[in-house]
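Written below as structure tokens is the structure these notes are about.
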Amino acid sequence: QVQLVESGGGLVQAGGSLRLSCATSGRTFSSYAMGWFRQAPGKEREFVAAISRSGSALSYADSVKGRFTISRDNAKNTVYLQMNSLKPEDTAVYYCAADDLIPTMKSGGGDYWGQGTQVTVSS
């Protein structure tokens, strides 16, 4: 069993930055690929970014490439999402997810999910 808790969301002006954190439970954090998804009201959940178990492989949605950076600290059981140059269309609830591999996560979603954190970008 893996528990995920997101934090760091809030209200920011267009062009600003936020850093999201996802703290995980258990002693097997390094056994999972980690990722971020987002969902805006009335829209489907969409993939944002993912990182492999070792941190050696990264994957980003085209809409955030060059602006967002995913990273992980296995010693702290935590994954991060640094979001720069934020746009109003980035407004959504952001969810942390865990799965065995990046391809599995991107195709079918995560096996474990956090409760989400709200990100609102004003313009």
Side-chain angles (χ1 to χ4, degrees):
Q1 183 67 36
V2 177
Q3 296 183 46
L4 312 175
V5 180
E6 303 95 333
S7 63
L11 175 64
V12 65
Q13 184 174 290
S17 299
L18 284 174
R19 189 193 193 199
L20 305 183
S21 298
C22 176
T24 68
S25 67
R27 297 167 290 178
T28 58
F29 175 75
S30 62
S31 297
Y32 296 94
M34 302 295 298
W36 292 91
F37 292 75
R38 66 186 182 186
Q39 186 169 23
K43 299 184 66 177
E44 295 183 352
R45 182 188 66 187
E46 64 175 340
F47 169 79
V48 176
I51 186 168
S52 64
R53 288 173 286 183
S54 68
S56 62
L58 306 173
S59 182
Y60 296 96
D62 288 342
S63 60
V64 306
K65 192 172 299 182
R67 300 188 297 121
F68 291 10
T69 303
I70 188 171
S71 62
R72 69 189 297 163
D73 187 337
N74 287 352
K76 297 182 178 180
N77 294 343
T78 302
V79 63
Y80 306 94
L81 185 67
Q82 178 67 47
M83 305 185 294
N84 299 326
S85 301
L86 283 162
K87 306 174 181 179
E89 50 262 45
D90 294 319
T91 296
V93 176
Y94 283 71
Y95 296 93
C96 180
D99 209 327
D100 292 333
L101 298 169
I102 290 177
T104 303
M105 178 179 297
K106 293 179 66 175
S107 63
D111 290 332
Y112 303 94
W113 295 89
Q115 83 289 346
T117 185
Q118 177 71 48
V119 172
T120 303
V121 184
S122 64
S123 178

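Note: hydrogens, waters and symmetry copies are ignored here, and every other heavy atom, side chains too, is used.
When all heavy atoms are compared, the tightest approach of Ala92 to Ala40 is CB-N, 3.9 Å. Taking both residues in full, the closest heavy atoms of Phe29 and Arg72 are given as O-NH2, 3.1 Å, listed atom of the first, atom of the second, then distance. Across all their heavy atoms, Leu4 and Cys22 have their closest contact at CB-SG, 3.9 Å. Residues Ser85 and Ser17 approach most closely at N-OG, 4.3 Å, considering heavy atoms. Smallest separation of non-hydrogen atoms from Gly9 and Thr117: N-OG1, 3.2 Å. The minimum heavy-atom distance between Arg45 and Gly109, with the atom names listed, is NH2-CA, 4.2 Å.
Residues Ile51 and Tyr80 fall into different hydrophobic clusters, defined by Ile, Leu, Val, Met, Phe, Trp and Tyr side chains chained together at heavy-atom separations under 4.5 Å. Neither Met34 nor Trp113 shares a network with the other; the hydrophobic side chains, linked directly or stepwise wherever heavy atoms of I, L, V, M, F, W or Y lie under 4.5 Å apart, form separate groups for each. In the hydrophobic clustering of this structure, Val2 groups with Leu81; members are Ile, Leu, Val, Met, Phe, Trp, Tyr whose side-chain heavy atoms approach within less than 4.5 Å, directly or through other members. In terms of hydrophobic clustering, with Ile, Leu, Val, Met, Phe, Trp and Tyr side chains grouped at heavy-atom distances under 4.5 Å, Tyr95 and Tyr60 are assigned to different clusters. The same ILVMFWY cluster, assembled from side-chain heavy atoms under 4.5 Å apart, contains both Val12 and Val64.
Looking only at side-chain heavy atoms (C-beta outward), Asp90 and Arg38 come within less than 4.5 Å of each other.
In this structure, OG1 on Thr69 lies 6.5 Å from CG on Asn84, to the nearest 0.5 angstrom. Rounding to the nearest 0.5 angstrom, the gap separating the OH atom in Tyr112 from the OG1 atom in Thr24 is 12.0 Å. A distance of 10.0 Å separates OG in Ser63 from CZ in Phe47, rounded to the nearest 0.5 Å. In this structure, CD in Gln118 is found 12.0 Å from CD in Glu6, a value given to the nearest 0.5 Å.
By the 6.0 Å contact criterion, CD on Gln3 is open, its count of non-hydrogen atoms from other residues, nucleotides or ligands being 12 or less.
A distance-only check finds no donor-acceptor pair linking the side chain of Ser21 to the backbone of Ser7 [under 3.5 Å]. Proximity of a side-chain donor or acceptor of Thr78 to a complementary backbone N or O of Lys76 within less than 3.5 Å is detected. In this structure, the side chain of Thr91 engages the main chain of Val121 through a donor-acceptor pair within 3.5 Å.
When each of Lys106, Glu46, Met105 is checked for a side chain to side chain contact (heavy atoms under 4.5 Å, CB included) with Phe37, only Met105 meets the rule. Tested against Val79, the residues Asn74, Leu20, Ile70, Asp73 include a single side chain to side chain contact (heavy atoms under 4.5 Å, CB included) partner, Ile70.
Classified by interplanar angle (parallel below 30°, tilted 30° to 60°, perpendicular above 60°), the ring pair Tyr94/Phe68 is tilted.
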Go through the steps to decide whether Arg53 and Ser30 satisfy the test side-chain contact (heavy atoms from CB on, under 4.5 Å), and finish with yes or no. CA-CA 5 Å; Arg53 288 173 286 183; Ser30 62; 5.9 Å; no

